[in-house]
Amino acid sequence: MSISQELFHKASTLIPGGVNSPVRACKSVHCDPLFIASAAGSTLTTEDGQTLIDYVMSWGPMLLGHNHPKVAQAIAIAAAKGTSFGAPSRLEVELAEAVVQAVPGIEMVRMVSSGTEATMSALRLARGYTKRNGVIKFHGGYHGHADAFLASAGSGVATQSIPGTPGVPQDVVKHTLLANYNDLDTVRALFEAKGSDIAAVIVEPVAGNMGLVLPQPGFLEGLRELTHNYGALLIFDEVITGFRVSFGGAQKIFGITPDLTCLGKIIGGGLPVGAYGGKKEIMSHIAPSGTVYQAGTLSGNPLAMAAGLATLQELAQLDYNDLAQRTSSFSEELEKILRSKGVPVQRNHIASLFTLFFTDQPVVDFSSAQTANSDLFVSFYQQMRKQGIYLAPSGFECAFTSFAHTDDDFDKTLDAARKVQF
Ligand SMILES: *Cc1c(COP(=O)(O)O)cnc(C)c1O
């Protein structure tokens, strides 16, 4: 038995499913998880001493690569001065300033400790601000695990949603309305039916949790217009896209300014950080300047702020276009290799993100993403992992590249793909 397997067996007696976040268990790819002992640059090293080229990058945060020396140093310096104060500190102001300067829609920002906290708090603020209850989200959109966002559709988009998990009361998700990504008509229909009680539309401006799905021209513009017309807030969940698709996020690329923006992942540089921000006029409704309550014992934690700040300072100097182009050529080559083996492939790509879907249909929303063949993905995943290539263990995830990925990493990955047999 490998050390990873031994640890997994022990973990399974102590932690539900042996993991602290479900997808890590690798169940859908019929594998046991690898236990990671260390990470550096573009690679992970397992407890068994196998080194793999990583395309998960902690699910997005590690855009600079693992264990970046500047980030590690910033954390060490902060740690030497005390790990938590429960009182304001300089680094919070500096990270807030960096975020406000970078993200067009953020004039004021509140730090929290995860993406889940960011979206949950942004929704509370939107509800408190508009004095309405409803929220529109999209099928296949993931916004963390707060109750309001764990709804899946009943028989159709206009029907009331049903909870996506036991433990979420129907009473809570009855305010969650579901629309189809890239389909403004489904959003418009919900506004026409219930517009006076819709507080917000929450959307990943580039969807990253049904695999990668890009917004079609006019989609984000349409959301901006509809929310404006009905007095609802537009919330961009940029937990994946913030500081990844561009330094200012997806809103900078597409030129659409939301009312509220949620951040996470990259702004923590690998430590637990989330943030939500927006127009001053709206953000000032948060306690203690306003009445909408939200708090956190470890919010603005000095280690986390130091890691985030060092990450943003480093990213500000790097060439996003170059990484985007390298990721594009690499993923295109990967697509060609798979096609040459006679399997159907659709490639979606932006910046340092891509997904190869094993389907013939263009993937533009959750239902087209679901046409992807999961048996082909499982086989691909397993054969790549054996050869030292670490992909996300689900066909509905993005592959993440980083500034630490070299052309040699890409070449090795392509060589491994050439050896895959379907
Ligand atoms: C990861 C993610 C979240 C949740 O963030 P956590 O830090 O895991 O709570 C929210 N929204 C999006 C778009 C995400 O990808």
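Counting starts at 1 for both ligands and their atoms, in listed order.
- The protein heavy atom nearest to atom 11 (N) of ligand 1 is D237 OD2, 2.7 Å.
- Here S38 pairs with T45 under the side chain to side chain contact (heavy atoms under 4.5 Å, CB included) rule; sequence neighbours left out.
- Nearest protein neighbour of atom 6 (P) of ligand 1, counting heavy atoms only, is G115 N, 3.5 Å.
- At the top of the distance list for atom 9 (O) of ligand 1, counting protein heavy atoms only, stands T116 OG1, 2.6 Å.
- For the pair N209 and ligand 1, the shortest N or O to N or O distance falls below 3.5 Å.
- Ion pair K412/D409 not flagged as a salt bridge, since none of the NZ, NE, NH1 or NH2 atoms sits closer than 4.0 Å to an Asp/Glu carboxylate oxygen.
- Of all the atoms in ligand 1, the ones that sit under 4.0 Å from a non-hydrogen atom of S114 are 7 (O), 9 (O).
- With respect to the salt-bridge test (charged N to carboxylate O, under 4.0 angstrom), the residues R188 and D183 do not qualify.
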Stepwise side chain to side chain donor-acceptor pair (under 3.5 Å) check, S4 with T46: CA-CA 8 Å; S4 277; T46 67; 5.2 Å; no
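- If you look at E204 next to ligand 1, the close heavy atoms, those under 4.0 Å, all belong to the side chain.
- Nearest protein heavy-atom contact of atom 14 (C) of ligand 1 is K265 NZ, 3.0 Å.
- Listed by first then second residue, pairs satisfying ring-ring contact (aromatic ring centres under 6.0 Å, His included) with a partner in residues 231-281 read F243-F247, not counting sequence neighbours.
- Each of the atoms 15 (O) of ligand 1 lies under 4.0 Å from some heavy atom of I240.
- Aromatic ring orientation, F410 versus H405: parallel (interplanar angle below 30°, classes split at 30° and 60°).
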